[in-house]
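This report refers to the structure that appears directly beneath it.
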Amino acid sequence: MNHVSLSDTKINNGPQLAEAGRLSKYGLIAILIIFTILGLLYDVTVPFFEKPDELKHFAMIQFIQSRRQLPTVRAGVYKSWDQEGTQPPLYHILAAIAVSWLNLSDFEEPPRNPHYVDDRSFIWRERGNNNLYLHPTGEEWSTAPVFLAARLARWLSLLAGLGTVTLTYILGRIIFVDDTSAHSQAPNSKSDFQRITIVPWLPLLAAALVAFIPQFLHVSSAISNDGLAATFAAAALALLALIIKNGSSTRYALYLGLTLGLGAITKLSLLYLWPLTGLVFLLDFYRRRSIGHLLKCGAIIGSFILLMAGWWYWRNWQLYGDISALNAHLLYRGGALYPRPTLAQIWQTEMVGLELSFWAAFGAGQILLEPWLYGLLRWVKYIVLLGLAIGIWRSFRFQVSDLESQNTHRTTPDSSLAGQAFIIHPLQGKPSSFIILTLLALWTLTIFIALLSWMQITPASWGRLLYPALPALGILTAWGLSQIVDLVSGFGVWISGFGLRVLGFGFRMLSFTHHASLILPLLLVTPLFSLSLIAPFRYIKTAYAKTPLISETDIPTERVERLDFTYSDDALRLIGYTINKPSVHPGDWLPVTLYWQATQPIAKNYSAFAHLLDDKGNSIGQANTYPDGGKWPTSMLEPGGVLKDTYYVYVPSEAEAPMVTRLAIGIFEFEDPARAAKAAVNTAGEAIEPIVAGVPLLPHQWPELNPTYPLEATFGGQIKLVGYDSSPNLKIKPGAVVSLTLYWETLAPPGQTLNLFIHLIDPPTQTQVAGFDGPSRYPTAFWQSGNTIIDSRTLAFPADLPPGNYDLHIGWYNLDDFARLSLAGENILNDTLPLITVSVE
C-alpha cells in the first residue's frame, strides 16, 4: 500500500490561514454593525424605564448629574433610585458626564400603571399591563431633556455591549489562533499540520453567540450597569489569557490593575476576578520562579485597584459600616430572606426563571417567548456540556499522543494519512490554550455559585446577573459544539486515510472536516440571530404598542351588542361589547371586547373592569385594568376616537359548571379604597346597573348519571328523566325541607327556556296544595343533544300542610304560553309525571 506523507504534499497553507484570519476580522465588523442595528431596535421598541430597574438607575444618574455627588441610602427613606443607590457608581458617573449638558432638575418618576403585572408566566404578553409606567403617544421620539438623557444612557450600554462582543473575539483569538502559523509555507510534521485548521473562525462564532442572545441585546440597550460589567469581565479575562500564554509583564500588570479597579466600581460580582487573578499569577510564578517579579506585579495591580476603587469602599465603610454596602442594599428588599432557602429549594423554585431570563425575558422579565422555544434552548446546555467533556478527553489524549510521538518518531516526521493522528484538534500542541479554557470554565462556575448564594439572600433569579461570564460562555460554547462534530468528522478522515489512498483526496476530506466542525456552532448562531431579529417585532412591540383608535363608523355593528352607557359626567362612553367565545370552561380565559370613547378630555385615570358572575350574582372571574392593558389610560385617550379594548377574564378551574354566566362591566377609581363602580347612565339619562348577558360555563366532560332510583320518562321528545335521588315514599312533617336531585339527558335541544314544575297533589281532589316551580340552574335554552344535567332542588313544604298522603308530580312548560311538554305513558294525566308519594304526619 502506498502512503502519502504530509511532507510530500507541496501546499501552501500559511496564506490560507492568514486569509481566514482576515475574513474573520471582516466578519467581526459585520457582527458589530448588526449588533448595533439590533441594539438600536431593542432600544426604540421598549419604552423608557421599562427594562429591569431602568428608572432606578436613571434616578441615580440624574442625582449625580444635578447634585454632583453620590446618593445615600437611609432606612425608611424611599428615594427613586431605591437599592441602586448602593451600587458601585462607574456606569452612572459616565452616564452623568455624557448627559451633563442637559437640564434634568425637573425629573420625577412618571405615573405608574397600578395594574402592572410582573409575572414570568407566559400569559401576560397577550393579557396586557406589561408597562410599569404610563407613556404618552410619541414619547419614543421626544426631545425632552429627560428622554434624551435616557436615550444616551442606553447608548452608553450599547457601546459597552460592542466592547464585550469585540473582547470576546479577541479572547477567542488568544486561545485558538497561533499567529506564527500564518507564516508557515508548508507543513513539515504532524504538529505543523495540526496548526492548519479553521480555528480563526471559532473566535468569530464565539462573538456571534454572545452578540445574538436576545436578552443580551435587551440588556445592552438598557439603562443599567450590567453591560459595562460584562465588558470589564471580558477585558480582564483577555488580559489573564495573555499572561497565561505569554507570561506576565509590567505592562500586563498595569492594564490588569486598571481593568480590575474599574470593574470594582462597576459591579460587585467583578470582585470575584481577584482570586482568579491570583491563580494566574501563581501559575506564572511557577514558570518564572521569581518572587520579585510576582511582588512587583502584585503591587502594580493592587495600587491601581486601590487608586480606582478604594475611595468607594472606604465611603461605604464610613456610611454603612460595610465596605460592600450590601446591608444597605437589602434595606429596600426588607432585609435578607428569612428563613434562608436551601440550595435545593433555590434549584426547585428559581432555576426556571434564571434560565428563561438568560435567553429572553423582555421588559422587566415578564415578556416571554413561546414555551417550546425555551424547550429547544434548554437542550443547548446539555449539548455544550457533552462537547466540553469530549474536548477535555481529546485534549488530554492528544497531549499524551504528542509526547509519545516526540519520543518514538523523532526521526520520521512524515506520517501517513492512516490513523487518529489526523483528527483535527485546535488545542493540540497548545497547552496554554487549554489552561485558558479551564480558567474560563472556572470563572463561569464562580459567577454561577456566587449568584446561587445571592439568591439565598434575596430574590435574584435574573439571567443578566450571569453576564459577567458571558464572554467565557460564548467561547466555551463555540469550542464545545465544534468538538462534537470534530470527533464525528475525524472518524470520517480516519476511514478515508485507511481505505482510500488517492492523492489529494485525504486533503479534500480534511478540508471538509475543518468546515464540518463549525456546523453545530453555526446551527446555534443562526437561530439565535433569527430570534434576536424577530423578537422586537413579535414580542416586544406587540406588548407595548398602543392599539390604534378607530372611528365609530368602523365598529362592526352586526357583532357588537350596543349599550351606549356614559360615565364620569358624560366624558367616557361605553358604546358596546362583544364576547369573543360562545362558551367557556373552568380554567379558560374569556376574551371580552369593550368599545370605549372619550367624548372630551378626561382628567382622571379610571380603571375598567369586566367581572364574570354566576347565577347568584357572585364574581367567579374578573379583569381589572387601565384601558388597552395600561397603554391607553383614560387621561390620554384622544376625544372622538374609539378604543377597541379586549379584556381576558380568567375562569377558575374550580368554578361550578354548567351554568349561564352574566357579565358586569364598568369603571372605578383605583385609589378609591372601596373600588366602587362608577354610576352608568343610559341614553335616556337613567342610572342603570351595567350587567349584561354572559356565556354558558360548560364542564370539560358532562357527568355520568347514576341516580339512586333510575327510570325513563321522555318530555316532548327533547328531555329524558333518567332517575332521581330521594325516597319514593317520603315521610315528612309540615314545614320540612327536602332535597330532590333529578338526572336529565338532552335528546334534542329545547331551544327555549323551560320551567320545571314540581307540584304536590292531593289525590282525592287532584288539587295542588304546594308548588316548587322554577328553571334549571343551567337554563334549557342552552341544552344541547347529549348533555347530562344533575339538577338539585330544595323543596320547602308549607308549615300548615294538613296530614295525609300526597303525590309529587313533575313536568316542563314553556314560559311564553305555559304549554307543557307532552309526556307519553300509562296513567299520565295533564302531561305530568307522578314521582314520589309524600306522607305528611
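Small disclaimer: the values here were computed from a predicted structure and weren't measured.
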With a 3.5 Å cut-off and no angle check, do the side chains of [X] and [Y] form a donor-acceptor pair?
{"X": "T266", "Y": "N225", "answer": "no"}
{"X": "E552", "Y": "Y595", "answer": "no"}
{"X": "N624", "Y": "S607", "answer": "no"}
{"X": "Y42", "Y": "Q215", "answer": "no"}
{"X": "Y647", "Y": "D645", "answer": "yes"}

So, taking the atom named [atom1] in [X] and the one named [atom2] in [Y], what distance separates them when rounded to the nearest 0.5 Å?
{"X": "I265", "Y": "I305", "atom1": "CD1", "atom2": "CD1", "result": "11.5 Å"}
{"X": "M455", "Y": "T349", "atom1": "CE", "atom2": "OG1", "result": "7.0 Å"}
{"X": "L217", "Y": "S532", "atom1": "CG", "atom2": "OG", "result": "5.5 Å"}
{"X": "S220", "Y": "L158", "atom1": "OG", "atom2": "CG", "result": "7.0 Å"}
{"X": "F232", "Y": "L237", "atom1": "CZ", "atom2": "CG", "result": "13.5 Å"}

Identify the two heavy atoms, one from [X] and one from [Y], that lie closest to each other, and give their separation to 0.1 Å.
{"X": "L28", "Y": "A207", "answer": "CD1-CB, 4.4 Å"}
{"X": "L452", "Y": "I346", "answer": "CD2-CG2, 4.0 Å"}
{"X": "A236", "Y": "L260", "answer": "CB-CD2, 4.2 Å"}
{"X": "L273", "Y": "A233", "answer": "CD1-CA, 4.2 Å"}
{"X": "V649", "Y": "G621", "answer": "CG1-C, 3.4 Å"}
{"X": "F216", "Y": "G161", "answer": "CZ-CA, 4.1 Å"}

query: Pick from F362, Y539, F212, W359: which one makes a ring pair (Phe, Tyr, Trp, His ring centres under 6.0 Å) with H218?
result: F362
More than 12 foreign heavy atoms under 6.0 Å from [atom1] of [X]: is that the case here?
{"X": "R675", "atom1": "CZ", "result": "yes"}
{"X": "W314", "atom1": "CH2", "result": "no"}
{"X": "Y338", "atom1": "OH", "result": "no"}
{"X": "E108", "atom1": "CD", "result": "no"}
{"X": "Y272", "atom1": "OH", "result": "no"}

Between [X] and [Y], is there a donor-acceptor pair closer than 3.5 Å when you use the side chain of the first and the backbone of the second?
{"X": "E50", "Y": "L132", "result": "yes"}
{"X": "W632", "Y": "T547", "result": "yes"}
{"X": "S66", "Y": "L104", "result": "no"}
{"X": "Q456", "Y": "P341", "result": "yes"}
{"X": "D628", "Y": "G630", "result": "no"}
{"X": "Y374", "Y": "V352", "result": "no"}
{"X": "K546", "Y": "K631", "result": "yes"}
{"X": "S461", "Y": "L354", "result": "no"}
{"X": "Q65", "Y": "L102", "result": "yes"}
{"X": "Q597", "Y": "G640", "result": "yes"}

Which label fits [X] and [Y]: parallel for a plane angle under 30°, tilted from 30 to 60°, or perpendicular past 60°?
{"X": "F147", "Y": "F48", "answer": "parallel"}
{"X": "H57", "Y": "H92", "answer": "parallel"}
{"X": "F58", "Y": "F107", "answer": "perpendicular"}
{"X": "H611", "Y": "F609", "answer": "tilted"}

field: Cationic tip of R127 above Y648 ring, under 6.0 Å, 45° of axis
entry: yes
message: Measuring only between side-chain heavy atoms, which start at C-beta, is R315 closer than 4.5 Å to L70?
response: yes
- request: Under the salt bridge (charged side-chain N to carboxylate O under 4.0 Å, His left out) rule, collect the residues that match up with K267, sequence neighbours excluded.
  value: D226
- request: May I ask you to check whether H115 and F670 place their ring centers less than 6.0 Å from one another?
  value: yes
- prompt: Centres of the Y467 and F358 rings: under 6.0 Å?
  reply: yes
By side chain to side chain contact (heavy atoms under 4.5 Å, CB included) - contacts of T553 (at least two apart): S551
